[in-house]
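Since the structure comes first, as structure tokens, the remarks are kept for the end.
This is a predicted model, so every value here is computed, not measured. Just so we're on the same page: letters track the sequence lines, and every chain starts at 1.
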Amino acid sequence: MIQETQTKKDRSASVVQMKCLLIASESAEVLFQWTDAEFQQNVQEQYGASQEEGHGLPAFEDSISTLFAPIIISCSTMVDRLSDSYTSFTTENNHIYVLHQFDECLYIAVNGDGEEGEGDLRRKIYVMKKMIEVMFGMVTLSSNLLRRELRPQDTEQRARLWKHLQSLLETYSQLRENDQSFLVEAVERLIHPTLCEQCIEFLERRLVQQLNGSVERAGEEVLHAFILIHTKLLAFYSSRNASSLSTSDLLTLIIMAQNMYPSNIDPDDPHPEDVESTSGSGPDSFYTPEPSPTDRDSSSSADKPVRGSTPVFEFVDPDVQMAEDSLQALEVPPPAPSTPRRVFLEVSHKDGLYPMMPHSMYCLPLWPGISLVMLTKIPTSAVAMSVYMFLEAFAKLEKRLSEGQEGSAATRGQPTIHDVRSKLDKFIKALGPSEIQSAQLQNVWTEFKNRAFSRGGPGFNRDLIPWCKNMKTQLCGIYRQCFLIESGQANIPQRLSPSLQERAQTMMQEKLMDWKDFLLVKSKRNITMVSYPVSTLFNLTYLEDFPGLIHFICVDRSTGQMIAPSLNITERNTSELGKGPVAQFIKSKVWSLVSTTRRYLQKGYSTVTLRDGDFYFCYFLWFENETGYKLEAGDIPILPDESAPIGMLAWDYYRKLLRYYSKNHQGEVVKCYELLTVHLGVIPTEIILQHCRQLASKLWEPSRNPLL
Amino acid sequence: MAELVPPDSRRCNYFFLYDGSKVKGEGDATREGICYFYPEETPLDKQELLCGQLAGAGRCVSELSASPVRILSLRRTKFAIRMKDDFFWALGCSAEVPTISTCELLDQLINLFCFYNGSVRQSYQLYSQETLAARWAQYLSHLQSGSSKLQHIFSCLRTIDSTNVDPLLLLKAALILQACQRCPLVLAGCILFRGRVVSTQMSPELTMKVMVHESETYTKALSTFSSFGGAVSSTTVFLTMSELQYLQSAPIDKDFSCHPTPHKNTPQKKTRLSRTLSDTPSTESEPSDTSSSQSPLKGSFSPHLSDSSVFSPDPLDPPPQPLQPPFPNGKHSPEAEEEALEESYYYSFHSNEGGVSRLHSEGDRSLFEENSYLNGGGGGGDGDAACGAAFDFRGAEESCHDTVITKEAGGGGCESVQGRQAEMPDAPPGSGASDSPEECPLVPMTLYLHRVNGLVLALLVEPHFLSDTASMEEVYHSSLASLNGLEAHLRTICPGAPDAPGPYIFAHFDCIQSTLTTNLSGRPGGAPERPFVRATSLLHSHFCNTETLQEAIIRSAGAAVYGSRSVAQETYFQQHGGSLRNSGIPNHQDSAFLLPSKARHRLLKHGVNLL
């Protein structure tokens, strides 16, 4: 059991309002931590109290690891012995701890100020994981490798990486608290059809064409280009041979762009230090791999044929060998601003979905608040597809073997193991002459083949499971060498040349020069209740057409886009909601309504109406086919409390919902919509429902909104 | 972990009490600290695992946050936690049960234990672990017995079905209780019939505690009195100061409180006992009593405190704490809010005109009516004592107000409990401040039980009541005939055929009286009611967490449920039949949105007024 530590001096008098997010390995090693000042102070106090001999305060990281260690260790004990695990703790002073384990990484999120509920914290954890996936790609599939990526041994590198992740997390939190599109996790477009069309044309005909035609692109190819006004999308262009960008990835990229070039969301922000900390990191530092701490001797011994030794020792820690082989001492100085950021995004190919495919992301600031983002395909990205295919094959095989299937039962499926065998042989052969160190992969693969395919060998049975794991680790290592260790490969960095980037930036600036001030204002007042016409025929505004309607949010979940009147409560010239406490109150109501309806949706309720104080809230989720015909409501899956958050950023709930619903609508394109409304409570319910009906049918009329 | 029992059948999957003080050293085995573990058949190593891990992780979290853990969730089980001194209680329910209900159940269980045994620490010093384990088991099974899934959600009192009972019988029951209260040693009472409440003068929480002894199997701890043919028994119970305070401030023994002569068997008693209904003090005298700033209350409290040292062999030695329950002898100067609470209580209670009218105007009309039937008011003329009719009415009305106030202050629903905690800054939030047995000193009292077949008269009496043979006989004989009569009547009432499953399901929870009315009971837990129970559970949690929420309609593909709540009640309604075919898009002709008006209309005949 956990030895209970000495009770600390009673600190109940002090109210601690702390926040924290921690990633720890199973051995309670801190892989990442983010804390606010209060939490840091609290931890230091506690640690100070338990340090009786008067040593100096240990490093913060060590104290936090010591303090959380009992929980982390208890967590793995619970998993091992009860195959259950902690999902949350709530204390009497309403501190909330949410825990979630992804593979061997335990995420813990803490809130002590009452502003985030369990759902918010769980969402934060999933978003953190998503951002790590976008940054590290398939390396996240190997816990051993990921652990090393997240916790570089070099403290300076670690500090740089963690600072970057911390500021991403802070940017996300700020957006979630202030931006409606991050509240509902759907992209908001700037409503200006003419300009939008012009920009798309410009991106297509001028910008992308010119870039992709240039020799300075160093083998890269621009796939997507979009213009962000703060967090809103002005124009989005994808080249013809690009697969569509998923909403989840797009939202993550917006967070990254926002993190690089923060727009002052809240000019009246009473915490200038927050802004400072986020802006201080952009253009953000680029993560470089750790220098290899090992000498060559050990690695050459690892290269020796392993056939004679006992298998236990061969795979006892494959990642150690991996590190020795593949990590080279690379002293890369912090990159220049023109260095693209490596991002791993989902690609839908004709033969299926490929997650975490490498791209380069160029984020070019045009003016404060306006930036051009370009995503390019990198020349070696085919390797990533092969690696993913092999990884999947070994994962499937491992699963079947661990389910007790043996022999041919374990190897059935597509592609067949023999396919994989010949493809992998070719793959390794092709790697040979390149700079990528594939000897270790070669060794493990040879051993695998000996066991699996040779006549006298053990064949496909449980004993092969460790070898599947080992193969996966080796493949992730190859992937890592190819796509994470960047500039070490050749003298010429693979990227659009700085001058090419500069040219793109200038072109775009020229194009938008006359519009920039308008765009910046427009992005704050995209739609308002008083100004925006509801119908092109009758020039009525929402306020006139829907008396009693205070606010609404409408989301098209099939495209991941949303429409809502702006809620700019901090602007000096505020919206019709007024400013100060009233607007703040309504904003908080909207925010809590979204989380409430998500809770009901999680439990299978797709319609919710609430009379709360002086307000009447409605929420509807429905399905339509392509022609706008409303389909019958279907059963919505009931999910457990600790399931992944409902949204599109970290885990695309709606994509799964659509797939689930479409089962009964084969051959039809099904679309999914959501509508939230806030009305004054004095309005009769029939009128409110009528408003909702009108909004639901009008908002997505093609005539009304040519962008969608 | 293997689910040994289908999660439906039990309200609670795990319960344990772990004493961390026994496992301090490195070599101490975890099992030393396990005071009680339910289900008892759980293998010891699993018990150790759960206790050790949960207590350890809980301790770690509470140190980080400087506050005890209240809720601990695993993927499959949700635990309500109570950490106090070195004790660690955990009660685990399936994840479907609302968190708030799980916490309530744990609090009830601990409070129940303290009610019958006094302080937990002391109990474990006095009695063997086995004895106390049996008691935990008994209380746990009592709290779980025969409850439906709806009752898992609302911690409610089980009452007799008032629709089948002649209101006169309820009045009669109330009168029996009032008559018993003529004896100044009797604080309050309740009448139970076959595990259900017929009438009670106590708060729902207290009534729930008293009901444990209703189960006839449990008689071991009781001392019976052969002189009454074995029908009468008694046991020592422990009240919290606040419970006692509310009981003692009942109007009926106001005058007595001013003459604190607790245990001398004075001859006065005789005269007081023979008192009839008509010779209660006139109400006019009361305001003057109270105008002297609560002095009568002081009088009523100090003697009991000194009593406690006399009655318990070793004093309960309440730890000197800044948070004393309103202990009005001036020196403690209670918190401002507490004082305010006290005052408002006082005013509404004593000032004849103002208080009453205020209550009438504020109080929900239906609440008032229901209260009066539970307390036997009802205003119906009664044949028992023609001369007492006028008084009856007044008395009933008054005691009715009494109950309302008591319950509000004593924490009826979840909101009021929270509200109360919020008012006491020093109280550890969530620990049920006023009810927390470990917080305040417990005062030993006696529970007197008079059983007539399925009928039980339970009275909370001053401890020296038992030595006061005259009083006992008086109470016994004055109530015997009425009890027999009441029992005979109640026995003849057949439980009534359960309503034919109507075109709708409803559940109505009275937060003040903690009673649940529903047309679901009696039916086996079938499929059609499951969506209703699920929706009710979600809505109830939502109502508890959002004070401003008044009404909600939620709809899934299969069912639409309407929920409505006020300060005093929560109502849930689902309409059967009729196709729920809809596209999920807003449509005011949609049957889901007609639920509020249907509920208003349909539920009138069940005495539920949603207007």
Quiz item: About how many Å separate NZ of B:Lys78 and OG1 of A:Thr87, when rounded to the nearest 0.5 Å?
Solution: 9.5 Å
Self-check item: Side-chain donor/acceptor of B:Gln53 to backbone N/O of A:Met78, under 3.5 Å
Solution: no
Exercise. Step by step, work out the side-chain contact (heavy atoms from CB on, under 4.5 Å) result for A:Tyr97 and B:Val69.
Key: CA-CA 10 Å; A:Tyr97 294 65; B:Val69 173; over 6 Å; no
Exercise. Side-chain contact test, heavy atoms from C-beta onward, threshold under 4.5 Å: evaluate it for A:Thr607 versus B:Phe593 and give yes or no.
Key: yes
Practice problem: Answer yes or no: is there a donor N or O on one side and an acceptor on the other, between the side chain of B:Ser67 and the main chain of A:Glu92, under 3.5 Å? | Solution: yes
Self-check item: Within 6.0 Å of CG in A:Asn625, more than 12 heavy atoms from elsewhere
Solution: yes
Practice problem: Apply side-chain contact (heavy atoms from CB on, under 4.5 Å) to A:Tyr86 and B:Leu74, showing your working. | Solution: CA-CA 4 Å; A:Tyr86 302 116; B:Leu74 301 178; 3.4 Å; yes
Quiz item: Heavy-atom distance under 4.5 Å to chain B: side chain of A:Leu610, backbone, both or neither?
Solution: both
Exercise. Please determine, among A:Ser592, A:Ser606, A:Pro640, A:Ser85, the option with the most heavy-atom pairs under 4.5 Å with chain B.
Key: A:Ser85
Quiz prompt | Contact check, side chains of A:Ser83 and B:Arg76, non-hydrogen atoms, under 4.5 Å | solution = yes
Exercise. Heavy-atom distances under 4.5 Å only: say whether A:Phe89 touches chain B with side chain, backbone, both or neither.
Key: both
Quiz prompt | Contact winner vs chain B - A:Thr77, A:Thr90, A:Asp641, A:Thr596, heavy-atom pairs under 4.5 Å | solution = A:Thr90
Self-check item: Options B:Cys51, B:Ala552, B:Ala95, ranked by heavy-atom pairs under 4.5 Å with chain A, top entry
Solution: B:Ala552
Quiz item: For B:Thr99, is it the side chain, the backbone, both, or neither that has a heavy atom closer than 4.5 Å to a heavy atom of chain A?
Solution: neither
Self-check item: A:Tyr605 side chain near B:Leu538 side chain, heavy-atom distance below 4.5 Å
Solution: yes
Practice problem: Determine the option with the most heavy-atom pairs under 4.5 angstrom with chain A, choosing from B:Arg534, B:Arg75, B:Gln550. | Solution: B:Arg75
Exercise. Evaluate side-chain contact (heavy atoms from CB on, under 4.5 Å) for B:Thr548 paired with A:Lys589, printing each intermediate quantity in order.
Key: CA-CA 11 Å; B:Thr548 47; A:Lys589 282 287 176 192; 3.7 Å; yes
Quiz item: Is there a donor-acceptor contact under 3.5 Å from the side chain of A:Asn93 to the main chain of B:Ser65?
Solution: yes
Exercise. Mind listing the closest non-hydrogen atom pair of B:Ala57 and A:Ser74 along with its distance?
Key: CB-OG, 4.0 Å
Practice problem: Could you pull out all residues at least two apart from A:Lys671 that satisfy side-chain contact (heavy atoms from CB on, under 4.5 Å)? | Solution: A:Asp556, A:Ser558, A:Tyr673
Practice problem: Quick one: pull up CG in B:Leu594 and CD in A:Glu686 and give me the separation to the nearest 0.5 Å. | Solution: 9.0 Å
Quiz item: Who wins among A:Thr597, A:Ile96, A:Ile638, A:Asn94 for the most heavy-atom pairs under 4.5 Å with chain B?
Solution: A:Ile638
Quiz item: Non-hydrogen atoms of chain B under 4.5 Å away: do they reach the side chain of A:Ile687, the backbone, both or neither?
Solution: neither
Quiz item: Hey, which of B:Ser564, B:Gly58, B:Ala535, B:Pro596 has the most heavy atom pairs under 4.5 Å with chain A?
Solution: B:Ala535
Self-check item: Atom group of B:Leu539 that falls short of 4.5 Å from chain A, counting heavy atoms
Solution: both
Quiz item: In terms of heavy-atom proximity below 4.5 Å to chain A, should B:Ile554 be classed as side chain, backbone, both, or neither?
Solution: both
Self-check item: Distance in Å, B:Glu547 CD paired with A:Asp612 CG, rounded so as to fall on 0.5 Å steps
Solution: 11.0 Å
Practice problem: Output the distance between atom CG (B:Leu64) and atom CE (A:Met18), rounded to the nearest 0.5 Å. | Solution: 5.5 Å
Quiz item: Do the side chains of A:Val608 and B:Ile553 get nearer than 4.5 Å, heavy atoms only?
Solution: no
Practice problem: Measure the acute angle between the ring planes of A:Tyr600 and B:His542, then classify it against the limits of 30° and 60° as parallel, tilted or perpendicular. | Solution: tilted
Quiz item: Is B:Arg70 close to A:Thr91 at the side-chain level, that is, under 4.5 Å between some pair of heavy atoms?
Solution: no
Practice problem: May I ask you to name which of B:Leu54, B:Ile81, B:Val61, B:Asp45 has the most heavy-atom pairs under 4.5 Å with chain A? | Solution: B:Val61
